[in-house]
Amino acid sequence: MGKGDKPVNSTGNPVETDVLIVGAGPSGAATSALLATYGIDNIMINKYGGTAPTPRAHITNQRTMEVLRDLGLERRALEFATPQRQMAEHVYANTLVSEELGRLLTWYNHPKWKAEHDLASPCSVCDIPQTEMEPLLVHEAANRGAKVLLNTEYLSQEQDETGVTVTLRDHIKGQDFSVRCRYLVAADGGKSQIVKDIDLPLVGRGGLGGSIGVYFKGDLSRYVEHRQGDMYWLVQPGVGMGGYSIGVLRMVKPWDYWVATSGFDIKAGPPDLTDDLARDIAYRLIGDRDVEIEILEISTWTVNDICATESIRGRIVAMGDAVHRHPPMNGLGSNTCIQDAYNLAWKLAMILRGQAGRGLLQSYEDERVPVGEYIVKRANKSMAVVPNLLQSLGLGGAADVAGLEDCLASLKAPTQEAAKKRAKVRDAIDTSIVGFNTLGAELNQRYDSTAIVADGTPDPGYTEDPDFHYEASTRPGCHLPHVWLLQGRKKVSSFDLCGKGSFTLLTGLSGQAWGPAAEEVSNRLGIPIAVHIIGPGKTYDDIYGDFARMREVEEDGVLLVRPDLFIGWRAQTASQIDELLEVMGQILDRPGVATQASTDRLSRSGSLRFAT
Ligand code: FDA
């Protein structure tokens, strides 16, 4: 805490914390859980009395599952996840009961994509509704020591050299109180008040289309069990996601919890969200009014194309939807929020523990703003593909019902003209894969910042379309590639050796000298650095030879893996302690640490060099 005047709450006690997180959605909850796991005192607030009432986010990609794995939560999450194989079939039709126009195998279920997906990570894409993910993270944050305050609203903030004083409103007591924190995290979502208050620059446009989501309970198994998927795309004139005439029935829990998505005219504003409207939307998409349904919730969302070009103001850091706002295509929202948290939390922890300089925080902005910009563009480009199906059918956005019926009937004609139309429809279905199968968009993030130390090798770029294909590399700035290793009888991922808030060195059998080097550097910096020598006779063996193939350095070279599993630096062969110190000094914003060390060493005349 700073030494300024201590704010007091209504009982006269000072309220202080290292990090105050505003928002308990995926961004805030993941940050709080990670910080608590790293032993950092934090308070997370939410203006509402509970977690998300509607299951907005659901596609949970491999990188997010890897964060949960690092937190020790992967197994628990999988208990309520719908597995990849049950997300496979995207069906295109008029209603759930009508004849199909076609299908698409999505979420890497097509054998052509499955291998690439499986090779990329120890984790699998799955479907976890936001109504399950948020409670898991919030519970775990609290369980690990975070203080979680519900019914508590952020009102304003004032920052100075040593911290931020934040005014909050306790909606239960009806009283305002202050919290003094060293850092304030704005995880307050797409309508972020904090982003407005600190005047972060936002580019792009919002409110481009309007959607209504109807969360309902109803057993639809007889219509979907033989074609299991997470989304059923239903061409319905006048009804549609984002204002297009295509509605979506989205599985929340197989096969009796659903969200029916329809559109509204954004210029006219959201309609009255009545139970009748909700039933009408659900029944129009199902196409069978005899199915018993119970409406659980009706809400709206809009299509945005907005991102912030900066995310930090002094001691205030913004993340998640507060800084990147886009439609749900590709399912990149909550995933990117949780990955923002993974990038931010270790940096804040090390700064707060005095292990890193404040400059390390800037690397959060430098690394994550480009990711935000990219995913906003990607999701909007994918959204723009949605109307292709209508166009292929010769229907406009506001096509009338009669037009649709004629059009669907005409597709069956044994004529040249109908054949052309059928080909167009197939093509439109095929091209919509861009919204559901972009492994590269999920995994190819590459960073460039002061927390990445270049090794002088040229940027390899990509050999294939980087939106679709993941290309692993150990070049600094890339994510550590996943390979399976053997620990005793157990198969573990290269990811399992790293993370947990620490830096890690990975080397081969002849890289033994990295052990004492890491110890020396770790002692000098006061920061733990794990070292794993991988090979026969060691704790981890490269039983498939994949580590040797993946590492792109000699056997005595090394990969320096940051706590968020990104490669911070690598050495082609055995190096010198000075170099490792200098690298760590740069990453942690501790300039001069290497110079100081070599002066010390000269005066001790001992040789710590281990270059071979
Ligand atoms: P979010 O909005 O979730 O949370 C903000 C938090 O801040 C809330 O707890 C709120 O109460 C709190 N808050 C706001 N103002 C406050 C104040 N003044 N004081 C205190 N608290 C305050 N993503 C994905 O990855 N995969 C997917 O499949 C989908 N699918 C999807 C479908 C649909 C229909 C939608 C609308 C969205 C998705 N998403 C998604 C996106 C995902 O839902 C979204 O990206 C995340 O919820 C954003 O998380 P945040 O935590 O950043 O904000």
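As the structure lists them, so they are numbered: ligands from 1, and atoms in each ligand from 1. Position 1 is the first residue of the sequence, and the numbers go up from there.
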N or O pair under 3.5 Å between Arg56 and ligand 1: yes

More than 12 heavy atoms of other groups within 6.0 Å of Glu158 CD: no

Salt bridge (Lys or Arg N to Asp or Glu O under 4.0 Å) between Glu79 and Arg75, worked out: CA-CA 7 Å; Glu79 279 168 23; Arg75 266 201 212 151; over 6 Å; no

Closest approach of any protein heavy atom to atom 16 (C) of ligand 1, naming residue and atom: Lys47 CD, 3.8 Å

NZ/NE/NH1/NH2 to OD/OE distance under 4.0 Å, Lys377 and Glu373: no

From the candidates Pro55, Gly189, Ser156, Gly25, the one that places a heavy atom nearest atom 53 (O) of ligand 1: Gly189

Heteroatom proximity flag, Gln130 to ligand 1, N/O under 3.5 Å: yes

Any Thr152 heavy atom less than 4.0 Å from ligand 1: yes

Interfacing atoms of ligand 1 (cut-off 4.0 Å, heavy-atom, Gly23): 6 (C), 7 (O), 12 (C)

Distance-only donor-acceptor check, side chains Tyr447 and Arg368, under 3.5 Å: yes

Selected option - heavy-atom contact closest to atom 45 (O) of ligand 1, from Ile59, Thr302, Val323, Asp321: Asp321

For atom 29 (C) of ligand 1, closest protein heavy-atom neighbour: Ala57 CA, 3.1 Å

Centroid separation Trp233 to Phe436 less than 6.0 Å: yes

Validation row: Asp564, Asp70 side chains within 4.5 angstrom (heavy atoms): no

Options Asn151, Asp188, Thr54, ranked by nearest heavy atom to atom 15 (N) of ligand 1, top entry: Asp188

Protein residue, atom and distance nearest to atom 49 (O) of ligand 1, heavy-atom basis: Pro26 CD, 3.3 Å

Selected option - heavy-atom contact closest to atom 50 (P) of ligand 1, from Gly320, Pro328, Ser27: Ser27

Exercise: do His90 and Asp230 side chains pair donor with acceptor under 3.5 Å: yes

Residue pair Glu367 / Asn343, side-chain donor-acceptor N/O under 3.5 Å: yes

Between Trp107 and Asn437: side-chain donor-acceptor atoms closer than 3.5 Å: no

N/O separation below 3.5 Å, Ser334 to ligand 1: yes

Closest non-hydrogen atom pair, Arg315 against Gln159: N-OE1, 2.8 Å

Ligand 1 contact by Glu153, heavy-atom criterion under 4.0 angstrom: yes

Contact check, Cys337 vs ligand 1, heavy-atom distance below 4.0 Å: yes

Nearest-neighbour protein heavy atom for atom 19 (N) of ligand 1, which is reported as residue plus atom name and distance: Tyr154 N, 2.9 Å

Distance-only donor-acceptor check, side chains Gln228 and Glu89, under 3.5 Å: no

Polar contact flag for Gly28 and ligand 1 (N/O pairs, less than 3.5 Å): no

Ligand-residue contact atoms, ligand 1 with Val22, heavy atoms, under 4.0 Å: 19 (N), 20 (C), 21 (N)

Enumerated ligand 1 atoms positioned under 4.0 Å from heavy atoms of Ala187: 5 (C), 6 (C), 7 (O)

pair Asp197-Gln157: side-chain heavy atoms closer than 4.5 Å: yes

Closest protein heavy atom (residue, atom, distance) for atom 36 (C) of ligand 1: Trp301 CG, 3.7 Å

Short N or O distance, Tyr48 and ligand 1, threshold 3.5 Å exclusive: no

Taking atom 27 (C) of ligand 1 as the reference point, the nearest protein heavy atom with its distance: His58 N, 3.3 Å

Close N or O approach (Gly333, ligand 1; < 3.5 Å): yes

Donor on one side chain, acceptor on other, Glu297 and Thr54, under 3.5 Å: no

Check: Gly190 N/O within less than 3.5 Å of ligand 1 N/O: no

Asp272 side-chain N/O to Thr274 backbone N/O, donor-acceptor pair under 3.5 Å: no

Minimum-distance protein heavy atom relative to atom 11 (O) of ligand 1: Asn46 OD1, 2.5 Å

